[in-house]
Amino acid sequence: MTNQATIDKLLEMRLTTMADAFRAQMSDSSMWEVYGLKKSECM
């Protein structure tokens, strides 16, 4: 599932705060290491 699909699903389930937190984490490059992602996968 892509990041945008994840955000869309969270919004669909009315979990807006969780969607906002996910967006914030994905925009923070220090979190990429936690998820084991590369920059290109987070954009």
Side-chain angles (χ1 to χ4, degrees):
M1 184 176 277
T2 65
N3 291 337
Q4 188 58 49
T6 300
I7 291 168
D8 292 343
K9 189 56 123 174
L10 290 169
L11 292 173
E12 181 183 315
M13 294 187 299
R14 297 184 178 163
L15 299 172
T16 55
T17 303
M18 190 177 285
D20 291 341
F22 183 76
R23 264 192 215 115
Q25 285 182 349
M26 290 295 100
S27 67
D28 180 2
S29 61
S30 67
M31 290 302 295
W32 300 343
E33 292 177 22
V34 173
Y35 291 109
L37 300 173
K38 298 175 189 163
K39 184 177 181 179
S40 62
E41 296 174 284
C42 297
M43 300 293 170

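One is the number of the first residue; the rest follow in order along the sequence. Note that the structure is a prediction, hence the values are computed from the model and not measured.
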Quiz item: Between Leu10 and Thr16, is any pair of side-chain heavy atoms under 4.5 Å apart?
Solution: no
Practice problem: Any salt bridge (Lys or Arg N to Asp or Glu O under 4.0 Å) involving residues 15-26? Give me the pairs, sequence neighbours left out, ordered by first then second residue. | Solution: Asp20-Arg23
Self-check item: Residue list, side-chain hydrogen bond (donor to acceptor under 3.5 Å, both in side chains) with Thr2, at least two apart or on another chain
Solution: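 Thr2: no side-chain hydrogen bond (donor to acceptor under 3.5 Å, both in side chains) contacts found.
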Quiz item: Distance from Leu11 atom CG to Met13 atom CE, nearest 0.5 Å?
Solution: 9.5 Å
Quiz item: Hey, what do you get for CE (Met18) to NZ (Lys9), rounding to the nearest 0.5 Å?
Solution: 14.0 Å
Quiz item: Looking only at heavy atoms, what is the nearest atom pair of Ser27 and Ala24, with distance?
Solution: OG-O, 2.9 Å
